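Inspection log for the structure reproduced underneath, given as structure tokens.
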Amino acid sequence: MTIPVWIGPAVVVLIAWGIAGLLQKLSTNHLSAETALVWMVVGFFLLDPWLYPHESLLMYSSHSLALALLSSLLNALGAWALLAAMKSGGKASIVVPFTALYPLVTVCLAPLLLHESVTRQQAFGVVCALIAVVLLST
């Protein structure tokens, strides 16, 4: 059995974001959501020198850069809203899994915007995720 290349980075996401969810709750116990977001951005900048491919931004199309900028703005808005939800009393054990259902939006939009198909198995997965939200929130 061959393990796909994407599994490695996906495991990093799983571990990093899992721990980040706990740290976000701990930080918003003492900081405003806005202050925690600023420090989150500082973290991005501290990590950037190790991740940036050292290529000129001029080599990319303005369309691609605009999409990346819009993506980062929505990411920042989502991060702020996550922190605000925890700051306003949300339990990390509920808020983090609930907000982690954001791929459902992607699954629903992908057929319309990217012309990707959704299989019955994937649709069943969406239903299971929605059931999980109900079970987590009770």
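Since we're looking at a predicted model, the values are computed, not measured.
Checking side-chain atoms of K87 against main-chain N and O of T28 turns up a donor-acceptor pair under 3.5 Å. Of the possible donor and acceptor atoms, none in the side chain of K25 sits under 3.5 Å from a partner among the backbone N and O of K91.
Residue-environment remark: CZ (F44) stays at or below the threshold of 12 foreign heavy atoms within 6.0 Å. No more than 12 heavy-atom neighbours from other residues, nucleotides or ligands sit within 6.0 angstrom of CD1 on I3.
Rounding to the nearest 0.5 angstrom, the gap separating the OG1 atom in T99 from the CH2 atom in W17 is 10.0 Å. From M59, atom CE reaches atom CG of L65 across 10.5 Å, with rounding to the nearest 0.5 Å. Atom-to-atom distance recorded for L74:CG and L69:CG is 9.5 Å, nearest 0.5 angstrom. Annotation: the span from L37 atom CG to L82 atom CG amounts to 10.0 Å, rounded to 0.5 Å. Distance CH2/W39 to CG/L46: 8.5 Å, rounded to 0.5 Å. Atom CG of N75 is separated from atom CE of M40 by 8.5 Å, given to the nearest 0.5 angstrom.
Closest of all the heavy-atom pairs between V118 and P111 is CG2-CG, 3.4 Å. For A92 against G21, the heavy-atom pair with the smallest separation is CB-O, 4.4 Å.
In the hydrophobic clustering of this structure, L113 groups with V105; members are Ile, Leu, Val, Met, Phe, Trp, Tyr whose side-chain heavy atoms approach within less than 4.5 Å, directly or through other members. In terms of hydrophobic clustering, with Ile, Leu, Val, Met, Phe, Trp and Tyr side chains grouped at heavy-atom distances under 4.5 Å, L51 and F45 are assigned to different clusters. No chain of hydrophobic side-chain contacts below 4.5 Å, direct or via other Ile, Leu, Val, Met, Phe, Trp or Tyr residues, connects V95 to L22.
The side-chain heavy atoms of V107 and E116, taken from C-beta on, include no pair separated by under 4.5 Å. Here the side chains of L130 and L104 are in contact, with some heavy-atom distance below 4.5 Å.
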